[in-house]
Novice: 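Handing you a structure now.
Side-chain atoms are counted along with the backbone in the values below, which use heavy atoms only and exclude waters and symmetry mates. A, B, ... follow the sequence lines: proteins, then strands. Residue 1 opens every chain.
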Amino acid sequence: MALLPRNAKAGMEGVDKEKMQRIVYETSKGSKYFENEEKKEALLRQKIENMRAQRAKLSAADLSHYQTVADRRILELEATRDLSRIWLHADMDAFYAAVETLSNPSLKGKPMAVGGMSMISTANYEARRFGVRAAMPGFIARKLCPELIFVPTDFKKYTHYSELTRKVFEKYDPNFMAASLDEAYLDITEVCKERSMSGGEIAEELRKCVNEETGLTCSAGVAPNRLLAKVCSDINKPNGQFVLTNDRMAVMTFIFSLPIRKIGGIGKVTEHILRDAFGISTCEEMLQKGGLLCALFSHSTADFFLSVGLGIGRTDTPQVSSRKSISSERTFSATDDETLLYQKLADIAEMLCTDMKKGGLCGRTLTLKLKTASFEVRSRAVTSEKYFSSSEDILKYASKLLKAELPISLRPTLVSFQ
DNA sequence: GCGGATCAC
DNA sequence: TATGGTGATCCGC
Ligand SMILES: Nc1ccn([C@H]2C[C@H](O)[C@@H](COP(=O)(O)OP(=O)(O)OP(=O)(O)O)O2)c(=O)n1
Ligand SMILES: [Mg+2]
């Protein structure tokens with residue numbers, strides 16, 4: 001029993017990954033979307049070339065100087081290491097898909113995705129075996145998995161179940177930080193102490209409780225800080241957990257072999273840059289090449305990279321801050337009909353205004369976001385003296401911005417606010 | 001303050 | 001036929 005693969009991401013034996021890749025490629029190739037992606041990739045390669053050139057320009061004296069800077073910074077960061085707190089990151093498994101399966105149990109065991117032919121939000125683990133992923137267009141997913149079942153998104157349902165999970169989280173940390181509908185960070189230091197339980201024991205109990213209250217499963221990571229807890233929750237997904245003890249050696253051993261892409265905040269582009277311009281693929285290499293990072297990146301970025309190499313992350317509980325912007329955007333099929341464009345703009349302005357009313361919000365910087373027929377994204381902003389919120393005012397400013405861009409063939413528009 | 005990019009979910 | 005929506009942050013002007 002215990003020998004069955006628990007991790008569907010790892011449990012991919014007997015799956016032809018190359019064939020999957022080929023299907024995705026063949027289906028995308030030649031599309032406007034794909035052409036834009038290729039253009040972005042070319043730009044990225046150029047950016048990497050520039051960084052390599054800058055790197056090559058560093059003199060021996062520069063290198064030794066920045067090595068000193070990095071060494072000093074590493075010591076300073078090390079001095080801030082806090083191993084006194086226990087953080088838990090909880091992450092629901094295939095969240096939207098799991099909720100949909102609860103309301104329709106006949107979906108159980110069948111490959112299923114939430115979304116439509118244009119885009120899917122997530123897929124259950126059965127579908128993931130076929131290579132179906134979040135943020136993949138449905139028509140490609142169907143080529144990977146012809147029997148894939150599509151279920152439309154229903155945010156109300158997900159919000160409801162999210163609230164149920166949060167009632168459980170609250171019991172373990174009244175100040176827990178919700179990271180999204182399906183993720184939360186909990187400082188379980190106090191509850192561990194009060195109940196004389198280990199982080200792992202609390203995680204087992206919390207996951208059981210979430211399951212009893214919702215019928216859903218989740219995974220958990222327990223670690224001395226949030227950055228590490230997040231990495232840990234992914235390790236034994238789905239329906240599993242992983243504990244990293246509050247011990248410096250344990251942290252260093254864990255982080256050193258870790259691919260940098262596993263770290264929150266390091267995405268596809270950063271991974272590519274660090275690998276191709278600096279030969280950095282693991283967190284240990286972040287430290288080893290600290291001098292280069294200090295020479296070529298800003299203070300704050302270099303600091304972030306170095307703390308990743310040390311496995312240092314936030315352990316405080318920040319104040320819940322109010323939102324900084326609100327936005328509404330829609331994608332529609334490309335058109336150069338100006339009347340139609342203004343009509344769409346008016347609709348979006350109306351939606352934005354409705355949302356702002358709900359929150360009693362006003363803004364003074366309005367940003368119009370445009371996506372051209374070739375998937376290029378542009379934004380144009382204005383800031384007014386006064387704060388405003390009426391759909392008329394929003395439309396007035398947005399129309400002015402749109403007018404300056406005409407004539408243009410647009411897929412979509414957005415309006416956002418600060 | 002603006003515009004482009006990146007990232008997460 | 002068809003490649004999302006929302007919010008945040010950073011960099012280099
Ligand atoms: N690009 C994305 C990624 C995710 N989501 C939504 C659907 C997911 O169900 C939910 C949670 O995201 P996760 O990354 O946690 O993914 P899942 O919970 O679906 O799967 P798992 O956490 O088991 O990997 O957010 C989305 O709309 N668009
Ligand atoms: Mg999840």
Novice: Are any of A:Thr301's side-chain N or O atoms less than 4.0 Å away from OP1 or OP2 of C:dC11?
Specialist: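 For A:Thr301, the contact criterion (side-chain N or O under 4.0 Å from OP1 or OP2 of C:dC11) is met.
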
Novice: Under a plain distance cut-off of 3.5 Å, with no hydrogens placed, do A:Asp71 and A:Thr68 share a side-chain donor-acceptor pair?
Specialist: no

Novice: So, OP1 or OP2 of C:dC11: does either fall under 4.0 Å of a side-chain N or O from A:Ser298?
Specialist: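 It does, given that an N or O in the side chain of A:Ser298 lies less than 4.0 Å from OP1 or OP2 of C:dC11.
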
Novice: Give the nucleotide from the list C:dG5, C:dT3, B:dT6 with an atom nearest to the side chain of A:Thr270.
Specialist: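 Per side-chain heavy atoms of A:Thr270, the pick is B:dT6.
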
Novice: Starting at the 5' end of DNA chain B and moving along, which residue's nearest nucleotide shows up first, A:Asp91 or A:Val382?
Specialist: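 Upstream on the strand: A:Val382.
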
Novice: Could you work out the separation of C:dT3 and B:dA8 based on their P atoms and round it to a whole Å?
Specialist: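 About 24 Å, rounded to a whole number of Å.
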
Novice: When you compare the side chains of A:Tyr158 and A:Glu100, does any donor N or O come within less than 3.5 Å of an acceptor on the partner?
Specialist: yes

Novice: Which residue, A:Leu181 or A:Ile273, contacts DNA chain B at a nucleotide closer to its 5' end, judged by nearest heavy atom?
Specialist: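 Looking at the nearest nucleotide for each, A:Ile273 comes out on the 5' side.
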
Novice: Identify whether the distance between the nearest side-chain nitrogen and carboxylate oxygen of A:Glu76 and A:Arg73 falls below 4.0 Å.
Specialist: yes

Novice: Tell me what A:Arg364 touches on the nucleic acid: a base, only sugar-phosphate, or nothing, going by heavy atoms under 4.0 Å.
Specialist: sugar-phosphate

Novice: Looking at every strand, decide which applies to A:Ile263 at a 4.0 Å heavy-atom threshold: base, sugar-phosphate, or nothing.
Specialist: sugar-phosphate

Novice: Choosing from B:dC7, B:dG1, C:dT3, which nucleotide comes nearest the side chain of A:Phe139?
Specialist: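 Closest nucleotide to the A:Phe139 side chain: C:dT3.
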
Novice: On the nucleotide C:dG5, are OP1 or OP2 found under 4.0 Å from the side-chain N or O atoms that A:Lys369 carries?
Specialist: no

Novice: For a quick check, tell me whether the side chain of A:Ser28 and the base of C:dT3 share a donor-acceptor pair closer than 3.5 Å.
Specialist: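 Indeed there is one.
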
Novice: If you look at every strand shown and take non-hydrogen atoms under 4.0 Å, does A:Glu37 touch a base, only sugar-phosphate, or nothing?
Specialist: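 No contact.
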
Novice: Please tell me which of A:Ile140 and A:Lys324 maps to the more 5' nucleotide of DNA chain C, matching each residue to the nucleotide holding its nearest heavy atom.
Specialist: A:Ile140

Novice: Checking side-chain polar atoms at under 3.5 Å, does A:Ser31 have a donor or acceptor matched by the opposite partner on A:Ser28?
Specialist: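 A:Ser28 and A:Ser31 do not have a side-chain donor-acceptor pair below 3.5 Å.
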
Novice: Would you please confirm or rule out a distance under 4.0 Å between OP1 or OP2 of C:dA8 and any side-chain N or O of A:Ser325?
Specialist: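 Result: yes.
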
Novice: Contact class for A:Lys40 (heavy atom, under 4.0 Å): base, sugar-phosphate, or nothing?
Specialist: nothing

Novice: May I ask you to verify if any side-chain N or O of A:Arg380 is less than 4.0 angstrom from the OP1 or OP2 atom of B:dG4?
Specialist: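 A:Arg380 to B:dG4 OP1/OP2: side-chain N or O found under 4.0 Å.
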
